[in-house]
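The structure appears below as structure tokens.
Numbers here are sequence positions counted from 1. Both ligands and their constituent atoms are indexed starting at 1 by order of listing. Because the structure is a prediction, the values reported are computed rather than measured.
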Amino acid sequence: MKILITGGAGYIGSHTLIELNKAGYDFIVYDNLSNSTDESLKRVEKIINKSIIFEKGDIRDKDALQAVFKKYEIESVIHFAGLKAVGESVAKPLEYYDNNVVGTIRLLEVMKENNCKKIVFSSSATVYGDPATTPIKENFPVGGTTNPYGTSKYMIERILEDVQIGDNEFKIVILRYFNPVGAHESGTIGEDPNGIPNNLMPFISQTAVGKREFLSVFGGDYDTADGTGVRDYIHVVDLADGHVKAINYINAQTQNMEPLIVNLGTGNGYSVIDMVKAFEKASGKKVAYKIVDRRPGDIAKCFADPSFAKEVLGWEANRTIEQMCKDSWNWQSNNPNGYKN
Ligand code: UD1
């Protein structure tokens with residue numbers, strides 16, 4: 001029995017393969033490589049010293065998905081595949097809803113037709129919009145999203161909840177990620193954004209490696225200790241381990257269960273300037289920055305209350321901000337052009 005990993009060649013997916021392998025799980029990667037490369041899989045193969053079954057395909061392609069379900073015995077799905085650039089989603093809303101929402105519907109249809117009813121879904125803290133208070137708990141209001149990317153995550157959460165009501169044999173875990181950063185300790189796999197990075201950590205590391213002149217810090221007048229935005233950065237290997245715990249949880253359920261919604265964060269909030277300083281220390285490089293206007297849609301503070309994850313999944317993040325910066329730098333400095341070396 002295998003786990004189907006959609007989007008398994010991507011940043012979080014590739015790191016999760018390693019943790020799943022460690023835990024003794026077998027898997028198949030399904031990815032259309034639209035924002036990734038199979039080079040990541042080749043590197044994971046080296047790390048785990050095992051070959052990976054890879055089927056290239058799109059989650060919207062029902063025939064291709066059916067063929068995969070017929071070819072292999074798939075017991076469960078970890079569903080990472082999706083588009084994820086906030087700015088792009090504003091310009092191309094239909095592409096985002098088609099890929100993320102329609103793609104998930106196709107996947108769920110094929111799962112149901114093949115009697116595969118266990119799924120772990122990659123959601124995001126973005127579904128909380130601008131929270132009234134922090135730390136954020138799972139029962140905080142959701143849906144106040146400010147862009148099609150965030151709305152697509154929220155819509156998929158709602159769809160999953162309705163799918164479970166319609167067929168209560170479905171066992172669903174929805175993981176709401178905070179801000180994934182860092183890389184595998186080998187420095188051979190990591191985040192490889194296309195073009196100019198939107199997210200903070202790849203922008204910092206590309207500045208440190210000399211690919212960007214300076215970091216624009218979006219806003220210095222937020223209601224935070226140093227005026228810059230505060231986020232809950234989580235090491236991608238901790239995040240990957242959260243997926244193993246989610247699959248363990250699903251497999252341990254002998255009764256029907258309502259969808260389980262879990263925050264994956266550390267509970268610590270760090271500002272943009274905190275991250276710059278920590279990165280400079282870990283890399284020994286200067287990260288030049290300028291404070292500029294706020295980025296539209298950004299919020300002052302976002303960090304998790306991760307206590308439910310510990311209680312229900314027995315999971316907690318344990319890698320420090322130093323480790324996150326050290327591993328991001330190790331990946332970036334060894335692979336200045338990402339996988340295109
Ligand atoms: C963003 C997305 C969120 C998505 C997440 C994925 C927005 C509004 N939200 O979250 O939906 O799930 O990425 O990881 O884009 N910053 C700078 N300069 C930069 C880049 C970022 O100062 O060049 C600041 C931001 O203002 C923010 C922090 O760094 O305070 C983190 O930004 P980012 O990495 O883009 O993540 P989020 O905005 O939290």
What residues form a ring-ring contact (aromatic ring centres under 6.0 Å, His included) with Y177, not counting sequence neighbours? H243
Polar contact flag for F218 and ligand 1 (N/O pairs, less than 3.5 Å): yes
C302 to F178 - nearest heavy-atom pair and separation: SG-CE2, 3.8 Å
Member of L175, D238, D241 meeting the side chain to side chain contact (heavy atoms under 4.5 Å, CB included) criterion with L264: L175
Judged by non-hydrogen atoms, does S216 sit under 4.0 Å from ligand 1? yes
I'd like a table of donor-acceptor pairs (distance under 3.5 Å, sequence neighbours excluded) in which one partner is a side-chain atom from residues 75-88, with atom names and distances.
residue : atom : partner : partner atom : Å
E75     : OE2  : K118    : NZ           : 3.1
H79     : ND1  : T6      : OG1          : 2.7
H79     : NE2  : T104    : OG1          : 2.9
E88     : OE1  : Y96     : OH           : 2.4

Minimum non-hydrogen distance to atom 8 (C) of ligand 1, winning option of I12, D298, I299: D298
Nearest-contact summary for atom 15 (O) of ligand 1 - protein heavy atom, Å: V86 CG2, 3.3 Å
Say you draw a straight line from OH of Y149 to CG of N100; how long is it, rounded to the nearest 0.5 Å? 8.0 Å
Closest by any non-hydrogen atom to atom 39 (O) of ligand 1: pick that one out of K153, K301, M201, R231. R231
Has F214 got any heavy atom lying under 4.0 angstrom from an atom of ligand 1? no
Determine whether the side chain, the backbone, both or neither of V230 has a heavy atom under 4.0 Å from any heavy atom of ligand 1. neither
Among protein heavy atoms, which lies nearest atom 5 (C) of ligand 1, and at what distance? N199 ND2, 4.1 Å
Can you sort out which atoms of ligand 1 are near L215, meaning under 4.0 Å from one of its heavy atoms? 18 (N), 19 (C), 23 (O)
From S205 OG over to N330 CG, what is the distance, rounded to the nearest 0.5 angstrom? 11.5 Å
First locate atom NZ of K301, then atom OH of Y222, and finally report the distance between them rounded to the nearest 0.5 Å. 13.0 Å
Side chain or backbone of Y289 under 4.0 Å from ligand 1, or both, or neither, by non-hydrogen atoms? neither
